[in-house]
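Worksheet: one structure, shown below.
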Amino acid sequence: MERYTTPTTPPVYKQMSQEGYDHTAVEKRWQEAWADASVYRTPDDVDDPTYVLGMYPYPSGKLHMGHVRNYTITDAYARYRRMRGDDVLHPMGWDAFGLPAENAAKERDTNPRDWTFDCIDTMRGQMRSMGFGYDWDREIATCTPDYYEWNQWLFRRFHEEGLAEQRDAEVNWCPDCETVLADEQVEGEDERCWRCDHLVEQRELEQWFLSITEYADELLDCIDDLDGWPDSVRQMQRNWIGRQEGTRLTFAVSGDGVDESVEAFTTRADTAFGATFFALAPDHPITEELVAADDDVREFVEEVADPEGDEPNGVATGLTATNPVTGAELPVFVADFVLSDVGTGALMGVPGHDDRDHAFAEKTGVDVVPVVAPEPEGYDPETDAVPDAPDVSEAAFTDDGVAVNSGDYSGLRSADARAAITADTDGAALTTQYRLRDWGISRQRYWGTPIPVVHCHDDCGSVLVPEADLPVELPEFINTTGNPLDAAEEWKATTCPECGGPATRETDTMDTFVDSSWYFLRYVSPDLADAPFDPDRADDWMPVDQYVGGIEHAVMHLLYSRFVTKFLADAEGLTTREPFTNLLAQGMVQLDGEKMSKSVGNVVSPQRIVDEYGADTARLFMMQAAQPERDFDWSEEGVRSTYRFITRLTRLVEEYANAGGSTVTDADPDPAVAAYVDDEIDAAVAVATEEYDDLTFNVALREAQGLVGTLRNYVDYAAPADPAVLNRGLSVAVRLLAPVTPHVAEELYETLETDAEPGETPAFAVDADWPTSDADRGTAEMRRRLVENTREDVRQIVDVAGIEDPSAIDVVIAPDWKYDALEIAIASDADNLIGELMQESHIREEGDAAAAYGQDLQAEREALSETLPGDDEYEALRAAAWLIEREFDAPVSVTRAADAADDVVRKAEPGRPAIDITE
RNA sequence: GCGGGGGUGGCUGAGCCUGGCCAAAAGCGGCGGACUUAAGAUCCGCUCCUGUAGAGGUUCGAGGGUUCGAAUCCCUUCCCCCGCACCA
């Protein structure tokens, strides 16, 4: 067969060979062109743009594959929305504060600021080389005073609203480094400093807290409405907040000179009659009194208690606690499984109905009393007798059931017993407990936002720095073992804003999660000098429509951002209360099933891939490899194959463009084949568009790549190709790929468009219109299935019948009356289908054939499904006939029933044409 | 333990919400063919079993159930991954 010939090679592809196209030249060219034309700029006056955001990175200095995947997802989606005609806001910035910069500065004898900005410059360059289309005019770096001033402003606002306070807290403290360590920086069982290997201590320090717990209920309840978020993240946030409804009971603890009321929290007030002991945490205030007086308790607390261990350990104190529900006197233990930060640090022990209490009772010999029985089938508390108590000597019964051995409450269901006991008991009250703690934001580090507070040497205490004096800027970095801010004597010395007397600056800086809890608002108006964000524009532009980032931020960053957004809504009148409408937690890029990590040494450098194959290949490979939220394995073979695909595409376009002026050949294009290609183009658009909307790029790209394959086949085997159809097909394919392979798309789009409109300045593919089609996906898929099934049937016949070399293949569409009959059968619910069919005269006229087909339909009654109408089947198969011809090298005829022999027609059914092969 | 997500053909992995067109997409691997001096690349097929005209049989962790019909819905059970957890 004739091939589309290539008379000359255009300049850009001079180097193109089997190895591929010149990606370096193409990518550089378009990156410059985009920058020159500011195509990614989002003007301030656009109306409600689609806000697409990737979690901003810590500027480590090197882009890794995780970044590339994250930002390719947002970039592809942003580009897609842009082509659909949306205004798009797609900014980028830097989470630029943090300890690594401090450590790097010490190692390299520089300072965190210079080091960080170097890293930012490098990474910005790498992002540009990936072709990410950001509005760099909106770039932010949290380590600039312009930005962190507003962290300080935010702190002030929290303080003014009574939601920031300073209090003592236990922290990890490395005496050698003289700094606080985050939990993640404490290593090993014996808790050593990650930097100097010194043993870490717990220390009580004055720390600043933001009262996120004030928002616990709203943060929890609103999770239900975040239906654009993955369930996993929503569940993790629910767990983290950990709201529990229960009862607060007041126990009178006495003996040995102690006589106090102690509160205990329980979710199972219905088991109060089964309480046989009372337990205090090793660091409970009463325990601390006892430690001084009682050697056994002291020894237990200091030597035996092992809160990390699995065994419940405890020591009897000789005190008794009065059960407020029953009046019973319970022995009081100090036990290591009681945690001071859970509930109230004291609990009533119910061994009959709690596994851990049961284990403790076995160990200490306290009584085990059953007070809840499993609810009998059909139990009615009003009329039925109280069930027998279960045997709990071996194991606790922990489910809800029916109260037994519980005085007046016996017979009540657990839930009712809880309510009644809570209502009847003096000092008892329903309360809600949370696992969520207030957000400790103090860090004893240099490279962060200074907390805008001074400590007055006289009597003013801790005083906020007035708004007019913000920002409190960081002093020069001092290379020291402790907190450099502590060593900055000049900086520390200041005056009290209230009394004007001498004062010392707060040397704590803020957790960097403060920076990231509102950065998405700063992009709205990044240069605004007198407010963190422009309120009107923020109301218009927020929330973020599509947020993309790693699952590791499921709780911290995403919860803090929700908290701060809600706070700003209440305190500043921001109209949005949830910052991120849709959230995508992208999967990991792995190598041999393992997370890429430096320590394992299995890191693939994006830079190398870009150098070798180009950014487009890297992007396309990643996006087609898997759904964005799934992990996938990096595969060099896959990358190469993606590269070859792009090379083939460029070659196809180039061949078309070169032949474009002289497509006149002797023969006319076959309209049937052109129609097939046209249909495939429409189908590809219909499918890919839906999938881009869902961010399932892998499916969309499969469609785009499939279309390219179809076009190649068309050019290769059905020459001459119809230039109009081919042009449309190529243009569509290029645009369907453009969000993911922007550079090569520009190059090819230019080739195609310039060719079509000589002399006109080519528009950017970035700004091109997304292709449209009237095709309905369902219909298109039905058509594809028909074609594929028919080809498959031909193959089977040839194979099974052992036909060596078919000389002709006839495909015959079923007669119209069968389509009618099928339609009637699907719609009908009559018992006697045949009778119903025979009411149609044109079916009845078919006699035995109609009866036979009617019986077939009757037999498969429930399984019948719609097919394409007969005319459409005819057209679809005619258009696809070339595929069969090409495969079997035999002429294929597609005919209507009326034009075919009766004995062949008989086998034809809607959706399944008769096939007659002549050997 | 609690909560969430899974177990599909040689492998990876879609389908399951909305049961029938599902022996089950796609990719990889394997086999055959075309092209090539050859290799590579590319292209066309095949890849559970049986079958000389598009057929039949046995499959979607295991067991049961619902249904005319189940990879898909329900129940039980086993296993894997993730998050939380001596949480009162």
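We name chains A, B, ... by the order of the sequence lines, and we start the count at 1 in each one.
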Pairing donors with acceptors under 3.5 angstrom, does anything connect the side chains of A:E691 and A:T696? yes
Check A:A881 against A:V892 and note the closest heavy-atom contact, atom names and distance. CB-CG1, 3.9 Å
Reckon A:I551 touches a base, only the sugar-phosphate, or nothing at all at heavy-atom distances under 4.0 Å? nothing
Report the distance from atom NZ of A:K907 to atom P of B:A53, rounded to the nearest whole Å. 9 Å
What is the base-pairing partner of B:G29, counting Watson-Crick and G-U wobble geometry with both distances under 3.5 Å? B:U47
Determine the contact category for A:P230: base if any of its heavy atoms lies under 4.0 Å from a base atom, sugar-phosphate if only primed atoms, P, OP1 or OP2 are that close, otherwise nothing. nothing
If we only count heavy atoms from C-beta on, is the A:L436 to A:L559 side-chain gap below 4.5 Å? yes
Nearest of B:A55, B:G83, B:A53 to any side-chain atom of A:N239? B:G83
By nearest atom, which of the nucleotides B:C46, B:G51, B:C21 is closest to the A:Q796 side chain? B:G51
Among B:A88, B:G51, B:G83, the one nearest A:M236 by side-chain distance: B:G83
Spacing of the P atoms in B:G57 and B:C21 (rounded, Å): 14 Å
Report the nucleotide, chosen from B:C43, B:G4, B:G45, that has the shortest atom-to-atom distance to any side-chain atom of A:S232. B:G4
Quantified in whole Å, what is the C1' atom distance between nucleotide B:C2 and nucleotide B:G10? 38 Å
Separation between the C1' atoms of B:G45 and B:C78, rounded to whole Å: 41 Å
Modelled atom types, side-chain donor and acceptor of A:T267 and A:Q244, under 3.5 Å: no
Pairing donors with acceptors under 3.5 angstrom, does anything connect the side chains of A:R562 and A:Q237? yes
The nucleotide from B:G54, B:A85, B:A53 with an atom nearest the side chain of A:R435 is B:A85
Side-chain contact, heavy-atom cut-off 4.5 Å: A:R886 with A:N713? yes
If you only use heavy atoms from C-beta on, which nucleotide in B:G51, B:C46, B:C86 is closest to the side chain of A:R356? B:C86
A:Q624 has an atom CD; how far is it from atom P of B:C28, in whole Å? 10 Å
So, does A:N713 get its side chain near the phosphate of B:C44, meaning an N or O under 4.0 Å from OP1 or OP2? yes
Base, sugar-phosphate, or nothing for A:D889, non-hydrogen atoms under 4.0 angstrom? nothing
With a non-hydrogen cut-off below 4.0 angstrom, is A:Q433 in contact with a base, only sugar-phosphate, or nothing? nothing
Value in whole Å for how far the P atom of B:A14 lies from CG of A:N698: 9 Å
Quiz question: going by heavy-atom distance under 3.5 Å, is there a donor-acceptor pair between the base of B:C21 and the side chain of A:R785? yes
Work out how far the P atom of B:G5 is from that of B:C73, and round it to whole angstrom. 13 Å
Choose from B:C43, B:C87, B:A53 the nucleotide whose nearest atom is closest to any side-chain atom of A:Q244. B:C87
Could you tell me how far B:U72 sits from B:A23 if I compare only their P atoms? Round to whole Å. 14 Å
What is the distance from CZ of A:R702 to C1' of B:C28, rounded to the nearest Å? 15 Å
Does B:G1 have a Watson-Crick or wobble partner in any strand here, with both distances under 3.5 angstrom, and which is it? B:C84
Beyond-backbone contact of A:T266 with A:M348, side-chain heavy atoms, under 4.5 angstrom: yes
With heavy atoms under 4.0 Å as the rule, sort A:R640 into base, sugar-phosphate or nothing. nothing
Rounding to a whole Å, what distance do you find between A:R795:CZ and B:U47:C1'? 14 Å
Please state how far atom CZ in A:R268 lies from atom P in B:C2, giving the value in whole angstrom units. 14 Å
Between CZ of A:R651 and C1' of B:C43 the distance, given in whole Å, is 14 Å
Using the P atoms only, state how far B:G27 lies from B:U42, rounded to an integer number of Å. 13 Å
Is any side-chain heavy atom of A:L347 closer than 4.5 Å to one of A:F278? no
Please determine, for the side chain of A:Q235, which listed nucleotide (B:G51, B:G3, B:U42) has the closest atom? B:G3
Suppose we call two aromatic rings close when their centres sit under 6.0 Å apart. Are A:Y714 and A:Y676 close by that rule? no
Between A:D306 and A:E792, name the one whose nearest nucleotide on RNA chain B is closer to the 5' end. A:E792
Counting only Watson-Crick pairs (N1-N3 plus N6-O4 or O6-N4) and G-U wobbles (N1-O2, O6-N3), all under 3.5 Å, who is the partner of B:U42? B:A34
Look at the aromatic rings of A:F277 and A:F360 and report parallel, tilted or perpendicular, splitting at 30° and 60°. tilted
Between P of B:A88 and CG of A:D357, the distance in whole Å: 11 Å
May I ask you to list the residues of residues 332-347 of chain A, by number, that have any heavy atom positioned under 4.0 Å from an atom of RNA chain B? A:D336, A:F337, A:V338, A:L339, A:V342, A:G343, A:L347
What does A:R912 touch in the nucleic acid at a heavy-atom separation under 4.0 angstrom: a base, only the sugar-phosphate, or nothing? base
Considering only atom C1', compute the distance from B:U59 to B:A71 and round it to an integer number of Å. 10 Å
With rounding to the closest Å, how many angstrom separate the P atoms on B:C87 and B:G20? 45 Å
